[in-house]
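All chains are named by letter (A, B, ...) in the order of the sequence lines, taking the proteins before the strands, and each is independently numbered beginning at 1.
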Number of protein chains: 2
Amino acid sequence: MAATNEDTIATRICRILAERIVTGELEPGTKLRQDHIAEEFGTSHVPVREAFRRLEAQGLAVSEPRRGVRVATFSLEAVREVAEMRAALEVLALRHAAPHLTPSILDQAEEATVEADRARDVRSWEEANRRFHRLLLTPCGMPRLLAAIDDLHAVSARFLFATWRSDWEVRPDHDHRAILAFLRQGRTENAAAVLERHVQRIGQKPAKNASGGAFAIVG
Amino acid sequence: MAATNEDTIATRICRILAERIVTGELEPGTKLRQDHIAEEFGTSHVPVREAFRRLEAQGLAVSEPRRGVRVATFSLEAVREVAEMRAALEVLALRHAAPHLTPSILDQAEEATVEADRARDVRSWEEANRRFHRLLLTPCGMPRLLAAIDDLHAVSARFLFATWRSDWEVRPDHDHRAILAFLRQGRTENAAAVLERHVQRIGQKPAKNASGGAFAIVG
DNA sequence: TCCGCCGAAATTATAGATAATATTGGAATC
DNA sequence: GATTCCAATATTATCTATAATTTCGGCGGA
């Protein structure tokens, strides 16, 4: 059994809606109508409302009382804000995780990097990239910090998918490799510095891919 | 009319419960029973459940599916974690806010410091302290960052109230004054450095007040 | 005396129904 | 022809009721 037994209905609805918002299937500003969603999932609207509250907390939806819930919009400024928050928090997490990083973990992170470089589409690149970050940060043992970073990752991924809808080009990720190299040498501060720059690249204008007003998102 | 017209019932319940949890009126681990709370507020349990979801997101309550919601417990480790997150995020906010700080704002922050030094009880000290931080950080213009800091502040305040239940001694806050002095000179990085140390004092053992296993919380 | 089992009570989670509010379209007026 | 007002509609926020799950007490057996 894998898909059927999700803890609570609200949890499942929240997860699925979050995925739709992040991947761009639900566009910014779209109205989320509780009765329609309830009907789609074959439930009443009560769990739907609970799911809304969670999406709101994650910054994926905004709710105006008596006027409904909408998919959150995002500006270039919001992208930068999230990038800076991620940079600050991931550096903090890495500093605490570094002492607990084993060669095995670093090897797995390297595998994730290789997989990201081989990715043929945004979706699989994002998954590998996220795995890389998670592998390095989880050993910090700070659950609240990790949860906050996860939420920011979701928002970042949203920007990522919005920018690179279909055209995705493979680029080897030098930052990831540099971070791993420093960590293998025990040079945590150097690794943290690279990570900080790396994450802040989110929201920067692309170097060459200047078609339209699109902006590049990595990290 | 001030108290009657709160946007939505769920919002009001959430705010009041949050206050009770933060001040310690509701102790860690206490079961939050939706029907009882609904009865107290004269509503059904549906808005209560929505309030629970928000409290959960703020880290003030934890919910186990089908087993109810409890006031979140906190360990010394959790205190340190929140302190470090606050340090990282407040430094980030201060760096962005610094260019927009006016003499008027700095004067108001100084007033808040004076007021904190004069505070006769924890409650009013906390309020003045929070105002100090908010005044300096709000001009950064990063709403998501400020919201995250606010949530962390609430959790910090919880630890604060839990530690200093009744015995509160006045101590002039040198850190706040140093931060203001640096900001007046335009030395943002020095101010940020002091702020970082300052916030991280949360969760450190007290210097002299070593009665029982209590730990000091400031910030 | 201690352990496990069973049943009643309490509590959560969901469904269906109702009241209040916002939105939309059209008609009347300027 | 444009604008404002009003009624019909759609949607949200809430309440009441029902089903399912957990907890807690006592009871019997080892």
[X]: side-chain contact (heavy atoms from CB on, under 4.5 Å) partners, not counting sequence neighbours:
X     : answer
B:S63 : B:R53, B:E56, B:V69
B:A93 : B:L137, B:C140, B:L145, B:I149
B:V71 : B:I21, B:L26, B:T30, B:L32, B:R158
B:A57 : A:A57

* Position toward the 5' end of DNA chain C (nearest nucleotide), B:H45 or A:H45 -> B:H45
Rounded to whole angstroms, how far apart are [atom1] on [X] and [atom2] on [N]?
X     : N      : atom1 : atom2 : result
B:R53 : C:dT12 : CZ    : C1'   : 10 Å
B:I37 : D:dC15 : CD1   : C1'   : 18 Å
A:I9  : D:dT21 : CD1   : P     : 12 Å
B:E39 : D:dC15 : CD    : C1'   : 15 Å

* Asked: Would you call A:R130-A:E126 a salt bridge at under 4.0 Å N-O?
  -> yes
* Asked: Among all residues two or more places apart in sequence or in another chain, which pass the ring-ring contact (aromatic ring centres under 6.0 Å, His included) test with A:F132?
  ->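 A:F132 satisfies ring-ring contact (aromatic ring centres under 6.0 Å, His included) with A:H176 once adjacent residues are dropped.
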Per the salt bridge (Lys or Arg N to Asp or Glu O under 4.0 Å) rule, what does the pair list look like for [range], sequence neighbours excluded?
range                       : value
residues 137-154 of chain B : B:R134-B:D150
residues 25-34 of chain A   : A:R20-A:E25
residues 100-111 of chain A : A:D107-A:R184, A:E110-A:R184

* salt bridge (charged side-chain N to carboxylate O under 4.0 Å, His left out) with A:E127: which residues, sequence neighbours excluded? ->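 For A:E127, the residues satisfying salt bridge (charged side-chain N to carboxylate O under 4.0 Å, His left out) (neighbours in sequence not counted) are A:R131.
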* **Angle by which the axis turns from one end of the helix from C:dT1-D:dA30 to C:dC30-D:dG1 to the other, five pairs per end, to 10 degrees** =>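 That helix gives 10° between its end axes.
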* **Any B:T8 side-chain N or O less than 4.0 Å from OP1/OP2 of D:dT14** => yes
Do any N or O atoms of the protein come closer than 3.5 Å to N or O atoms of nucleotides 6-8 of chain C, and which pairs are they?
none

* To do: Check the surroundings of atom CD in B:E39: do more than 12 heavy atoms from other residues, nucleotides or ligands lie under 6.0 Å from it?
  =>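 No, CD of B:E39 has 12 or fewer neighbouring heavy atoms, counting only those of other groups under 6.0 Å.
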* Asked: When every nucleotide of nucleotides 6-12 of chain D is labelled 5' to 3' by its protein contacts under 4.0 Å (heavy atoms), B for base, S for sugar-phosphate only, - for none, what sequence of letters results?
  -> -----SB
